[in-house]
Number of protein chains: 2
Amino acid sequence: MGLRERKKEKTRLAIMDAALELFLEQGYESTTVEQIAGAVEISPRTFFRYFTNKDHLAMWFHDHGEEIMLETLAERPADEPPFTALMHALRAVLTDVQSSTPDDASRFLKLRKLLDGNPHLVGKSVARGARTERRLAEVIAARRGVDPDEDQLTHLIVAFAMSTMRVGFECPRRDGTMEEIQRRMAESIELAERCLRPGWDLRH
Amino acid sequence: MGLRERKKEKTRLAIMDAALELFLEQGYESTTVEQIAGAVEISPRTFFRYFTNKDHLAMWFHDHGEEIMLETLAERPADEPPFTALMHALRAVLTDVQSSTPDDASRFLKLRKLLDGNPHLVGKSVARGARTERRLAEVIAARRGVDPDEDQLTHLIVAFAMSTMRVGFECPRRDGTMEEIQRRMAESIELAERCLRPGWDLRH
DNA sequence: AACCATGTTGTCACAGTGTGCCATAAGTCA
DNA sequence: TGACTTATGGCACACTGTGACAACATGGTT
């Protein structure tokens with residue numbers, strides 16, 4: 001990895017950290033791109049070369065999480081029930097965060113805290129989730145051997161999986177430690193599995 | 001209803017229709033507020049007094065749909081299982097559109113067509129749905145006699161209900177007549193009910 | 001009818017977002 | 001070193017969204 005790339009990554013993280021600090025200190029809405037750029041000593045123009053917009057900052061781990069889910073899904077056995085495979089993919093995202101650097105984990109928790117007080121960002125977050133849902137639906141449709149444009153059950157499986165994830169991630173809000181999030185997510189997955197009929201995701 | 005209110009409503013619909021026409025003709029992104037305002041012969045400033053932003057236009061029926069759902073929910077018997085009640089609320093939204101004026105139904109279908117080709121708007125739509133989900137969760141928590149901040153199942157019930165709605169509404173896309181939407185929605189509801197364990201939404 | 005309180009509109013100024021363009025500086029490789 | 005690629009900064013610009021104020025329309029009152 002060349003100097004150029006390392007420097008870019010460093011700048012990217014510097015922007016991220018400066019932005020998070022400003023957001024948590026003075027609020028998301030009242031923080032401008034100009035302020036963030038100023039704190040990292042780059043021009044506002046350059047900011048937009050790293051992040052397409054301010055919201056994109058808050059979606060930091062969504063891109064990564066989506067990739068983890070898709071990778072995990074690809075590795076799961078083909079005969080595993082789709083929802084089960086999705087639950088594994090979901091757990092993999094959390095595992096990945098935990099096994100990352102302390103700095104990354106800290107950013108993850110700060111972002112979560114940021115979402116807590118900003119319905120607007122929660123909205124953005126679920127909107128980003130809709131994109132993930134589309135991509136997951138493609139994969140699940142392939143696994144099930146159906147056309148994603150024809151099969152409602154495929155979309156229902158993915159939507160239920162994402163719902164399970166959101167419920168585990170968002171609700172209820174307590175201290176917000178990594179351990180708690182993992183515990184809540186496990187609870188949510190277990191709960192969802194108790195709600196669904198055995199074999200519900202195998203029919204077609 | 002005074003002249004003043006009638007005039008406002010007329011302007012509101014005029015903006016809506018002009019905007020829809022422009023969107024479908026030249027695309028959503030490439031239509032500016034200035035153009036819409038020009039087509040209705042109002043100032044751009046006035047546009048923002050009717051709709052908080054351009055996206056708000058595309059969320060036209062969300063506000064109304066949310067109210068219908070909440071009203072329907074309030075009328076459902078208290079001992080009805082939560083998910084069943086939510087499915088009734090969901091059907092009520094479509095019934096309401098069908099029993100409205102032909103103009104309103106036409107706007108509804110145009111909006112749906114608009115969403116089809118704009119992932120950005122689909123994102124906005126599900127973000128708006130997240131707000132509805134929060135409000136529904138309050139009601140369902142009250143029905144179940146639990147604290148919405150403590151009970152994951154409440155949120156799972158609502159999230160599954162909204163998922164069912166989205167799947168029925170969005171997928172798969174065909175001719176897009178009112179009849180088809182209703183049929184797809186009925187299919188989706190039936191499918192969801194087959195996927196879930198009987199009595200899953202009664203536990204606590 | 002004249003009057004006033006209230007609501008609606010247009011105009012202006014302004015802050016902020018996001019993009020295209022081009023010159024310049026920095027990293028890369030021969 | 002010199003030739004190249006890529007990142008950056010600065011500039012102008014279009015668009016969004018809001019606050020403030022003046023002009024006007026409406027509805028009710030005397």
Side-chain angles (χ1 to χ4, degrees), chain A residues 1-20 22-23 25-60 63 114 118-121 123-125 127-128 131, chain B residues 1-20 22-23 25-60 63 114 118-121 123-125 127-128 131:
Chain A
M1 195 151 125
L3 172 60
R4 190 174 271 165
E5 278 181 77
R6 269 180 291 143
K7 201 172 172 184
K8 271 202 95 169
E9 197 51 30
K10 215 173 123 192
T11 306
R12 175 172 227 86
L13 290 177
I15 295 174
M16 191 69 216
D17 289 334
L20 277 176
L22 286 167
F23 290 160
E25 183 190 320
Q26 61 184 32
Y28 178 79
E29 299 290 355
S30 47
T31 301
T32 67
V33 170
E34 202 176 351
Q35 287 178 310
I36 300 168
V40 201
E41 294 183 309
I42 56 169
S43 73
R45 186 67 188 85
T46 299
F47 171 90
F48 288 110
R49 289 198 177 97
Y50 281 89
F51 298 93
T52 60
N53 51 45
K54 226 170 71 175
D55 295 334
H56 190 193
L57 278 167
M59 300 299 113
W60 180 61
D63 294 334
L114 185 62
N118 288 83
H120 167 251
L121 285 182
K124 280 285 173 181
S125 178
R128 181 65 183 74
R131 207 192 83 135
Chain B
M1 197 153 145
L3 172 60
R4 191 172 271 165
E5 279 180 76
R6 267 179 293 145
K7 200 173 172 184
K8 270 203 94 168
E9 197 52 30
K10 216 173 121 191
T11 306
R12 174 171 227 87
L13 290 178
I15 295 174
M16 190 70 216
D17 290 333
L20 278 176
L22 286 168
F23 290 160
E25 181 190 321
Q26 61 183 34
Y28 179 78
E29 300 289 356
S30 48
T31 302
T32 67
V33 171
E34 200 175 353
Q35 287 178 310
I36 300 168
V40 201
E41 293 183 311
I42 57 171
S43 73
R45 185 68 186 86
T46 299
F47 171 90
F48 288 109
R49 290 198 176 98
Y50 280 89
F51 298 93
T52 59
N53 51 45
K54 226 170 74 175
D55 296 333
H56 191 192
L57 277 167
M59 300 300 113
W60 180 62
D63 294 334
L114 185 61
N118 289 82
H120 168 251
L121 284 182
K124 280 285 174 183
S125 178
R128 181 65 182 75
R131 206 192 84 134

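Computed over heavy atoms, backbone and side chain alike; hydrogens, waters and symmetry mates excluded. Every chain is numbered from 1 and lettered A, B, ... according to where its sequence line falls, protein lines coming before strand lines.
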ask   = Does C/dT8 have OP1 or OP2 sitting under 4.0 Å from an N or O in the side chain of B/Y50?
value = no

query = Quick one: B/I42 CD1 to D/dC24 C1', roughly how many Å, whole number?
reply = 17 Å

request  = Rounded off to whole Å, could you give me the CZ-to-C1' distance for the A/R45 and C/dG16 pair?
outcome  = 15 Å

inquiry  = Counting distance alone, no hydrogens or angles: does the base of C/dG7 have a donor or acceptor under 3.5 Å from a partner atom on the side chain of B/R49?
reply    = no

inquiry  = Without decimals, in angstroms, what is the distance between B/R6 CZ and C/dG7 C1'?
reply    = 16 Å

N or O in side chain of B/S43 less than 4.0 angstrom from C/dT9 OP1/OP2 = no

remark   = Of the listed C/dG18, C/dG10, D/dG10, the closest approach to the A/F48 side chain comes from C/dG18

key: Distance in angstrom units between B/K54 NZ and D/dT18 C1', rounded   = 18 Å

request  = Check whether any side-chain N or O of B/T11 sits under 3.5 Å from a backbone N or O of B/K7 as a donor-acceptor pair, and report yes or no.
outcome  = yes

task = Consider the side chain of B/L3, meaning its heavy atoms from C-beta on, and name the nucleotide among D/dG9, D/dG27, D/dA7 that approaches it most closely.
result = D/dG27

remark   = Here the distance between atom P of C/dG7 and atom NZ of B/K7, to the nearest Å, is 16 Å

message = Whole angstroms only, please: what is the OH-C1' distance between A/Y28 and C/dG16?
response = 13 Å

ask   = Do the ring planes of B/Y28 and B/H120 sit parallel (below 30°), tilted (30 to 60°) or perpendicular (above 60°)?
value = tilted

key: Length of the line joining B/E9:CD and C/dG7:P, which is rounded to integer Å   = 18 Å

ask   = Which nucleotide, D/dG10, D/dA7, C/dT9, lies nearest any side-chain atom of B/T11?
value = C/dT9

inquiry  = Both conditions, 6.0 Å and 45 degrees, for the charged tip of A/K54 above the ring of A/F47: are they met here?
reply    = no

request  = Count the heavy atoms belonging to other residues, nucleotides or ligands that lie under 6.0 Å from CD of B/E34, then report whether that count exceeds 12.
outcome  = no

task = Begin from the C-alpha positions of A/V33 and A/F51 and carry the test side chain to side chain contact (heavy atoms under 4.5 Å, CB included) through to its verdict.
result = CA-CA 10 Å; A/V33 170; A/F51 298 93; over 6 Å; no

note = From the candidates C/dG7, D/dA7, C/dT19, the one with an atom nearest any side-chain atom of B/R4 is C/dG7

task = Whole angstrom is fine here: how far is it from NZ in B/K8 over to P in C/dG7?
result = 10 Å

